[in-house]
Amino acid sequence: MDLTNIIENTCAEVVEIYRHLHMHPELSEQEKETADYICQTLDAHNIPYQRNIAGHGISALVKGSGSGCIGIRADIDALAISETTEVPYASVNPGVMHACGHDMHAAILLGTGIVLSEIADQLPGSVKLIFQPAEETTGGAHQMIEAGVLQQPDVSAMIGLHVDPAFETGSIIMRKGAMNAAVNDFTMQIKGQQCHGAQPERGIDPIVVAADMIMTLQTVATRFTAATNPVVVSIGSIHGGSGCNIIPGEVTMQGTLRAVSKETLTAIQKRVEQIAAGTAATYGASVEFSWMETPFPPLINDDKVIDIVEQAAKDVQFVVHPMPETSMGADDFAFFTEAVPGAYFNLGCAPKGTKLSPLHNGNFIGDEKALSAGMKIELQTVLALLDKYSNV
């Protein structure tokens, strides 16, 4: 099925959608205006949907004639980053920006849905368009699945993409098996005893405890885990104290654990808790942990589905780059690939010969030509998956 003309006719609208979303970013669990705009676009193209799923999630359905159903996911939340791009459609919300490309993901999925709606009578099955909130925080994918987004009709397979500024537009980056790590984030409170800075012996200094703990926690990766089994233990935030001559009573640290399997993630969590408790006890302090309610599993691509993505990329003449090793980054699309056969891949979004700023950077802006490229790969893949999973 040649969709070239339909895609080209849709591109201008998709660029407009992208620029609107980029200009009006919203943080995780606050995506109401974003959801309203997505629903207005779906209404304009007579695509039925359900909204307010697990917060501001939306599930739209392009119904074909067969029994199978393929799902496509786009995340819609933004980050607490100030934009520095100076593009005409830069964020109007101070301190909030689509620095991870979720605006591109949502625009691509809307464009894909618009094209599919125009050829719905030719589809051998249905396509569910899933617009997911809270990817950057609580894991909206898990919450949407719990709310039944993969049912009525049942989704047979899932795909999703993420823009990648390290690769040129017209390319995809993919990996069979484990693509992303499992993750469990934590907050740790170290409780000591406040006293005068001139008389530290009269208190228990949680800053000293925290300093010792940060260094000791690195042994989880270097001494308690095999070098062939990569793990990450990172402290990203530490807060304590209010004055130069006051030893505080408490220090709060935040960090993240990453591993390539759920079993290893559980094991290193226990080790971190043991090290923290032991280090605190050495100084007469105590420690309390608060962990993610639902840790992310590793994102494992299904071999058969990722093979279809690869062939689809070749069919639309994309360059395919294999990802040489599992990324220690995490994405809650992992909950979808845990629930049904699925594939996640990266989409190059850098203009040829141009070096873009990385993701999670205030100066990141993707190539708008990547929007049509994303539509092409999603459409080609979905049509192939429908052929595989639908019974007309």
Side-chain angles (χ1 to χ4, degrees), residues 1-24 31 33-51 53 56-66 68-76 89 98 101-133 149 153 155 158-163 169-170 309 312 315-316 318 347 349 366-386 390:
M1 187 183 299
D2 187 0
L3 301 175
T4 303
N5 290 336
I6 304 177
I7 292 173
E8 288 179 356
N9 292 336
T10 308
C11 279
E13 181 179 0
V14 173
V15 169
E16 181 182 343
I17 290 168
Y18 158 65
R19 292 185 176 187
H20 176 93
L21 293 172
H22 188 86
M23 188 181 289
H24 303 279
E31 310 95 336
E33 300 283 336
T34 301
D36 287 345
Y37 181 79
I38 290 169
C39 290
Q40 290 167 16
T41 305
L42 294 169
D43 284 334
H45 292 275
N46 298 311
I47 301 173
Y49 59 86
Q50 293 179 309
R51 64 176 306 175
I53 303 171
H56 298 295
I58 301 163
S59 175
L61 187 68
V62 178
K63 190 169 180 57
S65 58
C69 181
I70 305 302
I72 318 175
R73 173 268 216 166
D75 33 20
I76 64 174
Y89 49 92
H98 273 297
H102 294 186
D103 48 352
M104 301 188 79
H105 303 170
I108 288 168
L109 183 53
L110 279 167
T112 296
I114 291 167
V115 173
L116 288 169
S117 69
E118 293 189 26
I119 59 169
D121 60 346
Q122 302 175 56
L123 297 178
S126 299
V127 181
K128 188 170 286 190
L129 317 173
I130 298 172
F131 298 90
Q132 179 214 304
V149 76
V155 172
M158 284 283 300
I159 63 167
L161 60 77
H162 200 299
V163 293
T169 299
V309 173
D315 290 342
V316 295
F318 279 21
L347 177 76
C349 68
D367 180 10
E368 290 183 345
K369 291 182 179 178
L371 300 171
S372 60
M375 290 166 60
K376 287 178 183 177
I377 187 64
E378 285 190 345
L379 288 163
Q380 191 72 20
T381 302
V382 163
L383 292 175
L385 287 169
L386 285 174
S390 293

For residues P133 and T34, determine if any side-chain heavy atom of one lies less than 4.5 Å from a side-chain heavy atom of the other.
-> no
Provide the closest heavy-atom pair for M375 versus V14 in the form atom of the first, atom of the second, distance.
-> SD-CG2, 3.7 Å
Roughly how far, to the nearest 0.5 Å, is the CD1 atom of I70 from the CD1 atom of I159?
-> 8.5 Å
dist T41:OG1 -> I58:CD1 (nearest 0.5 Å) comes out at 9.5 Å
Any chance you could measure L129, atom CG, to L109, atom CG, to the nearest 0.5 Å?
-> 5.0 Å
Nearest atoms (heavy-atom pairs only) where A35 meets H56 = CB-O, 3.7 Å
Contacts of H105 meeting ring-ring contact (aromatic ring centres under 6.0 Å, His included) (sequence neighbours excluded), chain-then-number -> H102, H162
H22: what forms a ring-ring contact (aromatic ring centres under 6.0 Å, His included) with it, not counting sequence neighbours?
-> Y18, Y89
Which value, rounded to the nearest 0.5 Å, describes the distance between I38 atom CD1 and I47 atom CD1?
-> 12.0 Å
Heavy-atom pair with the smallest gap, counting every atom of L61 and C69 = CD1-SG, 4.3 Å
Could you give the side-chain donor-acceptor pairs of residues 4-11 under 3.5 Å, partners two or more places apart or in another chain?
from : atom 1 : to : atom 2 : distance (Å)
T4   : OG1    : D2 : OD1    : 2.7
N9   : ND2    : N5 : O      : 3.1
T10  : OG1    : I6 : O      : 2.7

Show every donor-acceptor pair shorter than 3.5 Å between a side-chain atom in residues 118-127 and any protein atom, with sequence neighbours excluded, or say none if there are none.
from : atom 1 : to  : atom 2 : distance (Å)
S126 : OG     : G64 : N      : 3.2

Could you note down all residue pairs passing salt bridge (charged side-chain N to carboxylate O under 4.0 Å, His left out) where residues 367-380 supplies at least one of them, sequence neighbours left out?
-> R19-E368
For the atom pair CD (Q50) and CD1 (I130), what is the distance rounded to the nearest 0.5 Å?
-> 11.0 Å
Please examine the side chains of L347 and I108, heavy atoms only from C-beta on, and report whether any two atoms are closer than 4.5 Å.
-> yes
Not counting sequence neighbours, which residues clear ring-ring contact (aromatic ring centres under 6.0 Å, His included) with Y49? List them please.
-> none
Nearest heavy-atom pair of T169 and A373: which atoms, and what distance?
-> CG2-CB, 4.2 Å
Roughly how far, to the nearest 0.5 Å, is the CD1 atom of I17 from the CG atom of L371?
-> 9.5 Å
Specify the closest pair of heavy atoms between M104 and A370, including all atoms of both residues, with the distance to one decimal.
-> CE-CB, 4.0 Å
Taking side chain as C-beta onward, heavy atoms only, is F131 less than 4.5 Å from L110?
-> yes
Is the distance between the ring centroids of Y37 and H24 less than 6.0 Å?
-> no
Is there a side-chain contact between K63 and P48, using heavy atoms and a 4.5 Å cut-off?
-> no
